[in-house]
Structures are given as structure tokens and as C-alpha cells.
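Order of the sequence lines fixes the chain letters, A, B, ..., with proteins taken first and strands second; residue numbering starts at 1 for each chain. Only a predicted model underlies this, so the values are computations on that prediction, with no experimental measurement involved.
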There are 2 protein chains.
Amino acid sequence: MQRGSFQWMKSLNKSIILNKIRIDGPISRAQIAKETELTPPTVGTMVKELLAQGLIKESQLGASQGGRKPTMLVLHVQGFHIIGVDVGPSQIRFIISDLAGEIADELLQEIDPSIENEAFLKMLKQGIQLLMNQHPSLQFIGIGVAMHGVVDAEQGISIFAPNLDLRDIPIKETLEQSFAMNVKVENDAKALALGESWFQVGTAEKSMIAINIGQGIGAGMVIDGKLYHGEHGIAGEIGHMMIDLRGKKCSCGNHGCLQTIASGPAIADRAQELIDAGNSSILAQQHMPLTAEMVHQAAVAGDELARAILHEAGTYLGIALANLIHTFNPGFVIIGGGVAKAGSYILEPIMEAMKSRVIYDRAQDTVVQLSKLSDYGSSLGAVALVLSELFQPET
Amino acid sequence: MQRGSFQWMKSLNKSIILNKIRIDGPISRAQIAKETELTPPTVGTMVKELLAQGLIKESQLGASQGGRKPTMLVLHVQGFHIIGVDVGPSQIRFIISDLAGEIADELLQEIDPSIENEAFLKMLKQGIQLLMNQHPSLQFIGIGVAMHGVVDAEQGISIFAPNLDLRDIPIKETLEQSFAMNVKVENDAKALALGESWFQVGTAEKSMIAINIGQGIGAGMVIDGKLYHGEHGIAGEIGHMMIDLRGKKCSCGNHGCLQTIASGPAIADRAQELIDAGNSSILAQQHMPLTAEMVHQAAVAGDELARAILHEAGTYLGIALANLIHTFNPGFVIIGGGVAKAGSYILEPIMEAMKSRVIYDRAQDTVVQLSKLSDYGSSLGAVALVLSELFQPET
DNA sequence: ATACTTAATTAAGAGATTTAAGAAAGTAGG
DNA sequence: CCTACTTTCTTAAATCTCTTAATTAAGTAT
């Protein structure tokens with residue numbers, strides 16, 4: 001679209017109206033005009049077009065304000081659907097979502113650890129095709145892919161996926177050729193952040209940060225409803241934020257990275273270490289290698305050692321969060337990923353450590369919440385990638 | 001301006017053209033049309049208006065491309081002037097700058113440490129008036145104020161200025177009443193960042209961060225040419241980034257904040273501490289209390305202890321920088337403030353520590369430079385506050 | 001039943017960009 | 001030196017979208 005042209009201005013105004021309906025609907029034409037400061041005729045013509053496109057629909061009549069009843073407009077959430085794909089360390093999750101983030105269907109597939117680029121792309125294509133075939137009546141408008149590791153979001157390439165040991169996978173190009181629709185690719189932590197901002201925080205107006213704690217620790221930042229990538233696309237790689245100069249050695253070669261204390265594997269390792277040192281715990285009876293999940297379950301069961309370990313991890317996360325608040329100062333923080341399942345056992349020490357370290361009173365009240373999207377966080381984030389382009393095209 | 005109206009679009013297009021001339025001038029109308037994708041008639045009418053406003057002027061004729069010679073357009077840098085004010089811990093610097101950041105005149109005044117709000121505001125007004133009176137022929141379009149401490153940039157209020165122990169000073173309101181022109185107020189580290197981005201980095205396209213190391217350590221972040229404030233306006237308060245869990249106690253009550261190691265006072269304290277412990281150094285002969293400036297001079301003179309201290313401070317700064325790159329991932333980093341005067345004695349260990357800790361090759365090449373604006377950084381930043389509004393009005 | 005409100009649409013008017021054409025100023029070749 | 005061709009810039013009519021004003025539609029209230 002030619003920037004600065006009439007068409008461009010029109011599409012911008014149209015987006016404003018569409019977004020208004022999405023966020024504040026059901027809403028009448030008259031109220032849209034009031035709140036957006038556009039004139040009633042402008043709103044009228046735009047609404048007519050949006051109705052024709054099938055993006056919105058008229059619902060019931062609203063209550064009278066002393067005159068004619070307004071016809072309320074709402075997003076036609078079932079009008080179009082989106083495919084969301086979340087490529088994790090060991091499995092791929094495919095979902096079909098409507099425009100409101102309601103999941104209509106899903107598919108989970110295990111990844112062969114020795115998979116190669118070609119087979120991986122084929123697996124993606126087949127999974128998507130399978131889901132689409134099962135819902136021939138639905139109209140799909142885009143595919144979003146959340147991928148762990150380093151991603152070039154602009155090109156739509158997975159540059160490096162450490163857990164699969166794959167490099168330079170041209171995901172966007174391949175899928176756009178196969179399905180002839182808009183494809184967005186993004187790092188999973190960033191997708192999670194957008195998803196949370198889109199479906200949970202709601203308006204996506206505030207700056208927010210979503211921290212994904214699993215095998216590693218990553219974060220995504222949303223500013224004014226848009227993902228922030230940084231110069232090299234590595235903004236949010238907080239797993240390697242140094243917290244403790246003289247701490248444990250990290251896989252990256254440095255010491256005291258956040259990952260060495262608060263990631264899933266770090267929690268499991270720490271438990272093993274303390275048990276080996278002779279501390280008593282119900283975890284000592286485990287025959288399988290310990291996982292963070294087991295530590296959490298032990299904590300729920302009342303195990304003191306497990307609780308202490310989670311408390312320690314939470315404290316470090318809280319310190320890291322204080323650092324983030326002192327640098328990025330988000331209005332909203334979401335904790336997601338596997339470790340977030342430990343619930344209050346991890347959230348409480350996080351809050352405690354954060355509050356005691358943030359030096360501005362008002363910033364101490366930064367809202368911190370556990371993700372409610374659970375296992376669907378990243379896949380819904382992938383959906384949000386497509387939605388964010390549909391609803392707020394580039395200025 | 002009504003968003004989404006013709007006037008709004010026009011002013012936007014006008015800004016685009018003005019900016020094009022500012023950055024790429026001298027440039028012809030034809031070339032502006034090509035590069036901005038606006039049509040020649042549109043560019044023509046806008047240019048006519050900008051010429052009438054006195055913001056740009058026609059310079060010489062350019063070289064022929066095989067036809068009529070183009071008339072080149074440049075920013076009329078002397079057409080308007082701006083007052084920049086930098087309120088430091090002990091003095092106020094007033095400057096007059098043209099649109100290109102050339103300083104036409106300046107004024108430096110000492111602040112009485114026991115000053116109160118009223119007297120402070122009076123001092124500001126008198127300083128500005130004095131400078132303006134000395135240049136009656138100049139046309140002033142705005143006043144920018146860079147203030148240390150916590151600032152509410154939107155309201156234009158200095159909320160807390162620790163070094164002067166002042167609170168809630170309504171700077172913007174007062175100055176706008178007195179001088180009837182646009183007044184912008186901002187934290188000094190943030191102003192410095194904008195100034196560096198505006199006058200040094202040039203295009204202000206990249207994301208960048210400017211770190212101001214003096215009494216404390218603060219940073220300002222510029223994203224897409226705009227200052228980033230965060231939710232509570234404390235984004236960039238990196239002085240309290242925790243680096244060393246078991247480090248020194250900071251004035252904020254926590255341990256291991258960056259400030260406790262790398263600020264000016266911390267460097268001086270560290271020197272005193274090591275000398276008291278019996279280390280030999282030419283600084284030991286000093287009778288006055290040590291300052292970071294003295295440590296720097298001793299380092300230049302070859303003093304091993306001084307060099308070691310600066311190396312240590314630089315290393316910690318480098319670690320903090322690595323943390324920033326892993327979270328904010330700026331394309332450009334500027335080190336300013338008093339400690340930056342230590343030059344390579346501080347920059348080299350910063351780079352060394354940063355490069356060894358950043359885990360992505362490309363990010364290791366993040367450009368890090370010492371500020372070249374020296375003592376004028378914050379005051380030119382204050383000027384940039386006004387300029388940024390003039391040249392890129394809110395979308 | 002009449003007057004007043006509010007909601008939505010229609011019709012004419014205004015503002016800014018675009019398309020198309022022309023004027024101005026140079027270059028280049030014969 | 002004159003003509004043909006380029007490039008730059010301006011002018012004039014056409015087009016697009018928003019705005020203002022008036023109209024229709026549908027309720028509420030006395």
C-alpha cells in the first residue's frame with residue numbers, strides 16, 4: 001500500500017474500526033464514531049465493507065439511549081480460521097483457531113530426534129494439510145509457526161533449532177508455496193508473548209514481557225502491541241542474563257547465567273545434587289532421572305527439599321525480573337512454560353524477590369501473572385502472529 | 001490534529017519530506033518524490049509551504065542528469081534556534097543550538113546546593129532569558145530541559161532530583177507560561193540517548209542505548225527514533241541492575257548493583273579502599289578525597305593500581321552491557337558521562353567483557369562507542385527533544 | 001398523538017493526492 | 001546554432017475519501 005495515499009488512509013481507518021469492534025464489541029456504529037473521532041458516514045461505509053468481507057457481523061439491537069435502538073456490531077469470530085503450529089523440543093502441536101483464539105481442533109505429533117530439514121518441512125506440510133482436510137468447510141486465512149531456537153522472523157527462516165539440531169529451514173517460503181496463504185514464523189518465546197498480550201492481556205496496549213521457562217529461559221517483549229526483536233533478533237534472550245558472577249558454569253561458557261539456576265533442567269539437577277549430598281527427600285526414592293515436574297509434585301506433596309529448591313529458583317527469577325523492570329520496565333509480566341506449572345511455589349518467591357529489589361514503589365506493583373494458556377501458549381501465539389497483521393497492518 | 005483526516009495525512013507527508021531533506025539534503029524535489037514514493041506535485045506543494053515557513057531553503061543547482069539541472073533543497077539550519085538546558089548535580093548549562101545541533105552560545109551557572117523549588121525555577125527562567133536577550137535577532141521555537149533524577153516527561157515535572165533534594169518541580173508549565181513556546185522535559189540519561197541518536201548516529205533509525213556513567217549509572221533507549229520510557233518511566237535505570245549476588249551493598253539496600261562497582265564514586269571509593277589496604281599507587285600521595293577523575297589521570301600517568309581499578313569497573317560494565325544485549329539487543333551503544341572520559345582505559349575492558357559473554361556472534365559486533373558530545377551530551381539531548389517533535393510528529 | 005432523542009443513511013461539498021499535460025532548463029548530435 | 005531528447009518542476013483537470021448538512025428510521029416520553 002502506497003504510504004500517504006488515500007487508500008492507505010482508508011485502510012488505516014478501517015483497521016481502527018475493525019479493532020474497535022474486536023476489542024469493545026458489541027458496539028454500535030454511533031459509538032464507534034464517538035470513540036474513534038471518525039464521522040458517522042465514514043464509519044458507516046467502512047462497516048458496510050467489513051460486513052461484506054465477513055470479518056464482522058450485526059448482532060442484536062442494543063438498548064435505546066432515548067431514541068432509536070443501535071444495531072450492535074461484533075467480530076465474526078467464526079468467519080475465518082487460522083492454523084497455529086508450535087514446534088517444541090520433541091513434538092509439534094498443530095491447532096485450528098478462530099479469530100478469538102478458540103481452539104476448534106488440534107493435532108500433536110512426535111518428532112523423530114534425528115529428523116532432517118526436508119522431512120521436517122514435509123511433516124509440517126502434512127500436519128497442516130491433515131487438519132485442513134478434516135475441516136473442509138472452514139475458511140483459512142493464515143498460518144503461524146512458533147519455533148524454538150533462533151528465528152529470522154522477517155525472512156521466515158528457522159536459523160538454528162538447538163533441540164533438533166536443524167539449521168536454516170525456509171519455513172515461510174515452503175508453506176506459502178504449498179498453501180498459498182500468509183505465513184508468519186517466530187521464535188516460540190516471542191510468539192508466546194504476543195499470544196498472551198493478544199488473548200490474555202487483551203488490549204495489547206501496554207508494554208509487556210512474557211518469560212518462557214522450560215528447557216531454557218527466553219522472553220518476548222511486546223511494545224504497543226508489536227513484538228520487539230532488537231537489532232539481531234535476539235532481544236529477550238534472558239536465559240543468559242548474568243545474575244551471579246561467581247555462580248555455576250553455563251553451557252554458553254560463562255558463569256552465573258539465569259539458566260543455570262532456574263530452568264527446568266537446572267531445577268532437576270539441583271535436586272539430584274542435594275540428594276546426593278545426603279539431604280532427605282521423597283525424591284530420593286525415584287529411580288528415574290529427576291525432572292522439574294517431579295520436583296514440583298514433591299513440593300505439592302509437602303517435601304521440604306523440593307519446596308526449598310523451587311524457592312531458590314524463584315528467588316533468582318525474581319532478581320532477574322527486577323533487572324528487567326529496571327531496564328525494560330514492562331507494565332505486565334507473564335510467566336509461562338513448563339516451570340510455570342509449579343504455580344505459587346515458584347510465583348511467590350519470584351514476587352518476594354522482585355518486590356524487595358525494585359527501588360521504585362510504583363514499579364513494585366508491576367502485575368506478574370502465571371500464564372493461563374498452559375500448553376497452548378506458543379501455538380496460540382503463532383495464531384496471534386497472523387491476527388496481529390490482520391488487525392493492525394503496518395502504519 | 002484529527003487522526004485519519006486529510007490534514008493529518010498532509011502533515012504526515014510534510015514531515016516525511018522535511019525529514020528527507022534534513023537527513024539526505026541537499027536533495028532535489030524530483031529525488032524526494034522518487035525516494036518517498038510521493039508524486040512530484042505533492043512534493044512540490046509541500047516544499048513550497050516548507051520554504052514559506054522558513055524551515056528549508058533552496059541551495060545551489062545540482063549536476064544535470066541529462067536534462068534540466070535540479071534545484072537542491074537543504075534544511076535551513078539557521079532559520080530557527082532552540083534553547084537546551086542541562087541541570088546537573090551542581091550546575092546548570094544553558095545552550096543555544098541551531099537545527100543541526102551547532103552551539104551558538106552557552107551559559108554555565110553554579111547551583112546553590114540548598115536551593116528550593118521557587119528559586120530553582122527562577123534561576124532557570126533568568127538563565128534562558130539572559131541567553132535569549134543576548135541574541136535578539138534569533139527566532140526560538142522551543143526549550144528542552146534535561147534533568148537528573150526521576151522525571152515525568154509527559155507532564156514535564158521533575159518528580160525527584162536527588163542531588164538537589166528537590167521534588168515535584170513543574171518545569172514545563174512554568175517555562176511555557178514565561179516564554180510561550182514548546183517546552184520538553186526529560187531525564188538526563190534519556191535526553192543524552194536521544195541527543196546521541198539525533199546528532200551522532202544520525203538517522204536515528206536503529207535501536208540504540210546510551211549509558212550515562214557519572215554519580216550514578218543511567219541509560220536511555222531509543223527505538224525507531226523515539227525514546228522508550230516503559231510503564232512507569234523508569235526504563236533504563238540500569239544502575240541498579242544486579243550483577244553480583246554477593247557483592248557490595250548499594251545505597252538502595254540491595255547487594256551487587258552495577259552502581260556499586262562502576263559509577264564515579266564507586267571507582268573513587270575502590271581506589272581509597274585499595275590504598276588503605278596498603279597497595280602502592282601515586283594516588284596514595286593525594287591529600288584531597290579521591291575522585292574518579294584522579295584515578296583516570298593516574299592511569300594515564302601509568303599507575304598500575306589505577307589501571308587495574310578502571311579495568312575492573314570496565315569489566316563489570318561489559319557484563320552489564322552483555323546483559324543488555326541479551327535483553328534489549330540494541331544496534332548501537334554509546335558510553336557517556338564523566339567516567340567515559342577515561343577513554344580506552346574503560347572502553348577496552350568493556351568490549352573485552354562484552355564480547356566474551358555475548359553468545360551470538362553477530363551481536364558481539366554491536367557497535368560500542370564513547371560519546372563525542374562530551375559535556376554537551378545532555379544539553380544537546382535537550383535540544384533533540386524539541387527537534388524530534390518538530391521533525392517527527394506523533395503518528 | 002405529538003414532540004423530542006438517538007441511530008443510521010444519503011447527498012452535496014471540501015481537501016489532498018493523482019494523472020496528464022505543459023513549461024522550463026539542459027544536454028547532445030549534426 | 002538549431003533540433004531532438006531528457007530531466008525538472010509546475011499547472012489543470014480528475015479522482016478519492018472524509019466532512020458537513022440534511023433526511024430517514026426507530027424509539028421514548030408526556
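For D:dT17, neither phosphate oxygen OP1 nor OP2 lies less than 4.0 angstrom from any side-chain nitrogen or oxygen of B:Lys10. When the side-chain nitrogen and oxygen atoms of B:Arg29 are compared with OP1 and OP2 of D:dT10, one or more of them lie within a distance under 4.0 Å. The phosphate of D:dT8 has neither OP1 nor OP2 within less than 4.0 Å of any side-chain N or O from B:Ser64. For the OP1/OP2 pair of C:dA16 and a distance below 4.0 Å, the side-chain nitrogens and oxygens of B:Thr45 include no atom meeting the criterion. The phosphate of D:dT17 has neither OP1 nor OP2 within less than 4.0 Å of any side-chain N or O from A:Asn13. For D:dC9, the OP1/OP2 oxygens have a side-chain nitrogen or oxygen of B:Thr71 closer than 4.0 Å.
The NZ-P distance, from B:Lys69 to C:dA28, rounds to 11 Å in whole Å.
Under 3.5 Å, the side chain of B:Arg68 and the base of D:dT8 form at least one donor-acceptor pair of N or O atoms.
Two rings, from B:Phe140 and B:Phe179, have their centers 6.0 Å or more apart. In summary, the aromatic rings of B:Tyr228 and B:Phe328 are positioned with their centroids too far apart to meet the 6.0 Å limit.
The side chain of B:Ser28 approaches D:dC9 more closely than any other nucleotide in the set D:dC9, C:dT9, D:dC18. Minimum atom distance to the side chain of A:Gln65 is reached by C:dA7, of the listed C:dT17, D:dT19, C:dA7. Considering only the side chain of A:Thr42, D:dT19 comes nearest among D:dT19, D:dT17, C:dA20. When distances run from any side-chain atom of B:Ala30 to the nucleotides D:dC9, C:dA8, D:dT19, the shortest one goes to D:dC9.
A:Met46 comes within 4.0 angstrom of the backbone, heavy atoms only, and of no base. Residue contacts for A:Lys14: at a heavy-atom cut-off of 4.0 Å it reaches no nucleic acid atom on any strand shown.
Side-chain contact of A:Asp98 with A:Gln78: a donor-acceptor pair under 3.5 Å is present, judged by distance alone.
Rounded to the nearest 0.5 angstrom, A:Ser379 OG and A:Ile83 CD1 are separated by 11.5 Å.
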